[in-house]
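Taking it in order: structure first as structure tokens, then the write-up.
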Amino acid sequence: MKNKISVHTLLIILLTGVIYFPVLAQPKKGTHLANFSGEWKSKETISMGGNIVCSYDEGDRMLSKTMKISQQPNFLTIEIPTTTPGAALTTHEQLTFDGKENQINHGIERGKKSTVKFSADGQTMTINSIVHLTVATPYNVAVQKKAFVYVKEVWNLSNDGKSIIVQTNANSNIFDDLRSWTTVFDKAK
């Protein structure tokens with residue numbers, strides 16, 4: 001009987017935590033979220049600042065010097081123009097604010113999973129991504145191995161709303177050190 005009481009008590013505590021902490025992590029009602037909407041340009045791409053492979057395909061926001069962002073109450077959409085000569089295509093990445101995983105797949109060996117969270121005050125957006133791809137092994141390009149890059153981007157809108165400052169950290173199974181860098185996007189329109 002004592003074991004049943006202990007198990008029930010433990011289940012109640014776990015259930016309370018499962019419900020309480022996600023609710024606590026959401027921005028408070030009335031909290032004004034920073035609005036990243038607009039067209040933005042940078043001198044370099046987000047991935048170039050860290051000199052890493054943290055993108056998987058052309059059209060990924062990590063490879064682009066320009067982004068057009070449209071923010072809604074529960075998500076934002078990032079449009080990226082492709083740089084292929086003669087192609088006038090745009091790719092879209094939608095990131096939801098509900099903490100659920102956003103996923104992009106380009107075949108079984110290439111893709112990205114991301115989650116997005118705003119800070120409690122609504123002024124900072126954090127994007128955590130896991131990029132998976134296949135790369136050649138050193139000294140034997142015929143042998144391929146799975147690579148994972150873990151990327152954390154912290155987005156801040158400048159006080160005047162004219163710049164997005166992206167602080168990025170990345171580590172991977174293909175390089176040994178943690179890399180950190182900052183990329184600034186200025187408002188184009």
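Between Phe118 and the choices Phe75, Trp155, Phe97, the ring-ring contact (aromatic ring centres under 6.0 Å, His included) rule is met once, by Phe97. Among the candidates Ser42, Ser163, Ser158, the single residue satisfying the side-chain contact (heavy atoms from CB on, under 4.5 Å) test with Asp186 is Ser163.
Trp40 CH2 to Thr66 OG1: the interatomic distance, rounded to the nearest 0.5 Å, is 13.0 Å. Expressed to the nearest 0.5 Å, how far CG of Leu95 lies from CG of Leu76 amounts to 5.0 Å. With values rounded to the nearest 0.5 angstrom, Ser129 atom OG is found 12.0 Å from Lys152 atom NZ. Remark: Ser70 OG to His92 NE2 distance equals 9.5 Å, nearest 0.5 Å. Residue Asn35 holds its CG atom at 4.5 Å from CD of Gln71, rounded to the nearest 0.5 Å. Atom CD in Glu39 sits 10.0 Å away from atom NZ in Lys187 (nearest 0.5 Å).
Nearest heavy-atom pair, Glu44 versus Thr183, reported as atom, atom and distance to 0.1 Å: O-CG2, 3.6 Å. Thr115 approaches Gly99 most closely through the heavy-atom pair CG2-O, 3.8 Å. Lys65 and Phe185 get closest at one heavy-atom pair: O-CE2, 3.8 Å. Residues Lys100 and Thr96 share a closest heavy-atom pair of O-OG1, 3.9 Å. Taking all atoms of both residues into account, the shortest heavy-atom contact from Leu33 to Gln123 is C-NE2, 4.4 Å.
Its side chain within the 4.5 Å cluster rule, Ile165 clusters with Val184 among the Ile, Leu, Val, Met, Phe, Trp and Tyr residues.
Taking 4.5 Å as the limit, some side-chain heavy atom of Gln94 sits within range of a side-chain heavy atom of Thr77.
Following chains of ILVMFWY side-chain contacts shorter than 4.5 Å, one cannot reach Val154 starting from Leu157, and the two form parts of different hydrophobic clusters.
Looking at Asn173, its side chain does come within 3.5 Å of a backbone N or O of Lys146 through a donor-acceptor pair. Under a 3.5 Å cut-off, the side chain of Ser119 and the backbone N or O of Thr124 do form a donor-acceptor pair. Using a distance-only test at 3.5 Å, with no hydrogens or angles considered, no donor-acceptor pair links the side chain of Asn169 to the main chain of Leu178.
Looking at residues two or more places apart in sequence or on another chain, you find a side-chain contact (heavy atoms from CB on, under 4.5 Å) between Tyr150 and Ile130, Phe148, Asn171. By the side chain to side chain donor-acceptor pair (under 3.5 Å) test, Gln167 is found to be paired with Thr182, residues two or more places apart in sequence or in another chain being considered.
Counting non-hydrogen atoms of neighbouring residues, nucleotides and ligands closer than 6.0 angstrom, the CG atom of Asn159 reaches no more than 12 such neighbours.
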